[in-house]
Amino acid sequence: MKMRGGMYNGIKDVTLEEFDKPEIEAGAIIVKNVRSGICGTDLHAYDIGGPEVGIYPGNQFGHEMSGIVDEVGEGVEGFQKGDHVFVNPVTFREPTETMSVLMSCDMAGAFSEYVKVSKPVADYNVFKLKEDMSWDVAAMTEPVSVALNGILKCRPKQGDKVVIYGGGIIGLCALACFKCMGIDEVIVSARNDFRCAKIEEMGGILCDTRKTPLPEFVMERWGKLTGNNGEDTWNADIVVDCAGYKGGLEEILKYAKCGSQVAIISLGTAEEPLVENNLCFKDMSLHGSFAYTPEVNRKVIDMMYANEATFAPIATATYGLSEITQAFKDADDHHKNVKVLIDFAR
């Protein structure tokens with residue numbers, strides 16, 4: 001039996017093709033995708049090339065998926081046909097000798113009509129959703145999990161002042177998470193009109209870096225402090241880098257407040273100078289954050305269900321699966337979109 005799915009063919013080349021539908025087997029479930037999201041990783045493959053992010057030409061791909069259990073294999077417990085679920089692309093199948101964890105995740109098949117989970121385990125690789133949860137919001141479980149995983153490393157609390165570098169997908173997911181935690185003083189940087197407007201729509205404090213450098217804006221807003229080395233610092237308790245701009249980390253370390261927390265969620269590749277004196281005298285914590293844990297997935301699902309209106313604005317456009325070629329073209333326009341979703345019912 002055949003199914004439709006998006007295929008990655010190379011730079012600027014995504015098409016709708018037919019693939020073999022996964023066959024049910026003992027101990028497995030088949031999930032029918034309902035809504036999927038185009039990730040920044042997918043756009044990296046679309047713009048620059050896929051192999052360095054585990055996406056190879058001629059394959060199904062995509063990893064942000066939510067759907068309905070369509071078939072249940074013999075011996076499976078805890079799931080039944082009709083369950084609404086989020087599938088964790090990192091843990092939904094085991095890597096092989098020829099497929100790394102990154103390849104398995106980024107070529108999970110979120111842009112295909114069906115996905116097989118060979119060994120479904122509740123709240124590990126398959127997470128049940130409330131039946132009245134918005135599919136558009138549920139489809140963003142994966143990127144919100146990326147954001148929350150880094151945020152939690154910083155031990156946020158009400159009253160904290162937060163700076164987010166970048167108003168893209170992960171930056172806006174982070175903003176929504178902080179809002180749900182009751183943290184209102186959140187500055188987010190951006191440099192195009194569409195994303196600037198989206199930050200303000202979601203209740204963030206906009207820093208348009210085309211007009212004012214971020215350090216200057218933060219110190220004007222919250223005041224200037226003096227660090228242990230006599231340097232000027234900004235009064236931010238938490239900084240989350242969701243942009244990865246060249247010079248960004250150097251800037252963060254230069255202006256970081258003593259005792260502050262910094263999470264690096266971005267995938268910037270530029271070499272940045274790291275001065276030990278900054279880390280020592282500032283008594284700051286620098287956290288790298290990759291992907292997420294199943295525990296974070298569960299927290300995100302519960303948070304989004306309770307605060308759907310907070311997360312809904314992140315999704316800026318929806319296309320049917322038959323429109324996937326156009327969906328990628330439009331998702332690639334950062335002046336027009338943030339998160340583009342694929343609706344399998346259209």
Side-chain angles (χ1 to χ4, degrees), residues 39-40 140 143-222 233-257 260-268 272 284-290 292 296 300 303-304 307 310-311 313-316 334 338-339:
C39 176
M140 294 187 285
V144 177
S145 295
V146 170
L148 187 62
N149 192 69
I151 288 169
L152 292 177
K153 292 174 183 288
C154 296
R155 304 186 298 278
K157 60 185 182 302
Q158 288 190 12
D160 279 346
K161 293 180 173 65
V162 178
V163 173
I164 297 174
Y165 274 71
I169 295 170
I170 302 302
L172 293 182
C173 288
L175 170 60
C177 288
F178 281 117
K179 286 290 183 180
C180 292
M181 295 174 176
I183 298 173
D184 293 322
E185 288 289 296
V186 184
I187 293 173
V188 188
S189 68
R191 52 184 304 109
N192 78 50
D193 292 342
F194 182 81
R195 292 188 173 183
C196 287
K198 185 62 65 175
I199 290 165
E200 293 185 317
E201 176 189 350
M202 293 179 61
I205 302 167
L206 170 65
C207 173
D208 185 340
T209 55
R210 295 170 299 184
K211 301 175 181 178
T212 309
L214 185 56
E216 179 182 329
F217 183 91
V218 176
M219 289 189 284
E220 286 179 355
R221 175 87 185 193
W222 293 331
T233 73
W234 53 32
N235 187 19
D237 303 290
I238 295 173
V239 180
V240 183
D241 184 3
C242 303
Y245 298 138
K246 180 176 175 56
L249 180 58
E250 181 180 9
E251 182 175 276
I252 291 169
L253 296 178
K254 178 180 179 181
Y255 290 102
K257 169 184 174 180
S260 61
Q261 305 284 320
V262 176
I264 306 298
I265 305 178
S266 63
L267 298 177
E272 302 276 0
M284 60 180 291
S285 298
L286 182 62
H287 308 277
S289 181
F290 174 73
Y292 36 77
V296 169
V300 163
M303 178 186 286
M304 293 197 306
N307 302 275
T310 303
F311 291 91
I314 300 171
T316 51
H334 297 167
V338 179
K339 172 59 68 178

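With contacts defined as side-chain heavy-atom distances shorter than 4.5 Å, the pair I183/P156 qualifies. The shortest distance between side-chain heavy atoms of I169 and C39 does not fall below 4.5 Å. Residues I238 and F178 have side chains in contact (heavy-atom distance under 4.5 Å, counting atoms from C-beta outward). Looking only at side-chain heavy atoms (C-beta outward), M181 and D160 stay at 4.5 Å or farther from each other. Counting heavy atoms from C-beta outward, W234 and S260 have side chains that stay 4.5 Å or more apart.
For the atom pair NZ (K339) and NZ (K198), the distance works out to 13.0 Å, reported to the nearest 0.5 Å. Between S145 atom OG and M140 atom CE the span is 11.5 Å, to the nearest 0.5 Å. To the nearest 0.5 Å, the span separating OH on Y245 from CG on L214 amounts to 10.5 Å.
The minimum heavy-atom distance between G288 and K153, with the atom names listed, is O-CE, 3.4 Å. Taking both residues in full, the closest heavy atoms of H334 and N192 are given as O-ND2, 3.1 Å, listed atom of the first, atom of the second, then distance. The shortest non-hydrogen separation linking C177 to I151 is CB-CD1, 3.7 Å. When all heavy atoms of I199 and G167 are compared, the closest pair comes out as CD1-CA, 4.1 Å. Contact record, M202 with T310: CE-O, 3.8 Å, taken as the closest heavy-atom pair. C196 and R210 make their closest contact through SG-NH2, 4.0 Å (heavy atoms, listed as atom of the first residue, atom of the second, distance).
Under the 3.5 Å distance criterion, the side-chain polar atoms of W222 are left unmatched by any main-chain donor or acceptor of N235. Judged by distance alone, with hydrogens and angles left aside, the side-chain atoms of S189 form a donor-acceptor pair with the main-chain N or O of G166 at under 3.5 Å. Using a distance-only test at 3.5 Å, with no hydrogens or angles considered, a donor-acceptor pair links the side chain of T316 to the main chain of V338. Distance alone, capped at 3.5 Å, is enough to place a donor-acceptor pair between the E272 side chain and the G247 backbone. The main-chain N or O of V146 is never found under 3.5 Å from a side-chain atom of N149 such that the two would form a donor-acceptor pair.
For the side-chain contact (heavy atoms from CB on, under 4.5 Å) with D241, the qualifying choice from V163, I252, I164 is I252, the only one to do so. Of the residues Q261, K161, K257, the one that meets the side-chain hydrogen bond (donor to acceptor under 3.5 Å, both in side chains) test with D237 is K257.
Annotation: K179, atom NZ; neighbour count of heavy atoms from other residues, nucleotides and ligands within 6.0 Å is above 12.
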For this session: Any chance you could lay out the side chain to side chain contact (heavy atoms under 4.5 Å, CB included) test for F217 and K211, step after step, and finish with the verdict?
Result: CA-CA 10 Å; F217 183 91; K211 301 175 181 178; over 6 Å; no
For this session: Under the side chain to side chain contact (heavy atoms under 4.5 Å, CB included) rule, what do I314 and C173 come out as? Steps first, then yes or no, please.
Result: CA-CA 7 Å; I314 300 171; C173 288; 4.0 Å; yes
For this session: For side chain to side chain contact (heavy atoms under 4.5 Å, CB included), just list the numbers for M284 and L253, CA-CA rounded to whole Å, side-chain angles, deciding distance to a tenth of an Å, and then say yes or no.
Result: CA-CA 9 Å; M284 60 180 291; L253 296 178; 3.6 Å; yes
For this session: Give the C-alpha distance, both sets of side-chain angles, the deciding distance and a yes or no for side chain to side chain contact (heavy atoms under 4.5 Å, CB included) between L286 and L249.
Result: CA-CA 10 Å; L286 182 62; L249 180 58; 4.2 Å; yes
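Side chain to side chain, Y165 and E251 meet the donor-acceptor criterion of an N or O pair below 3.5 Å.
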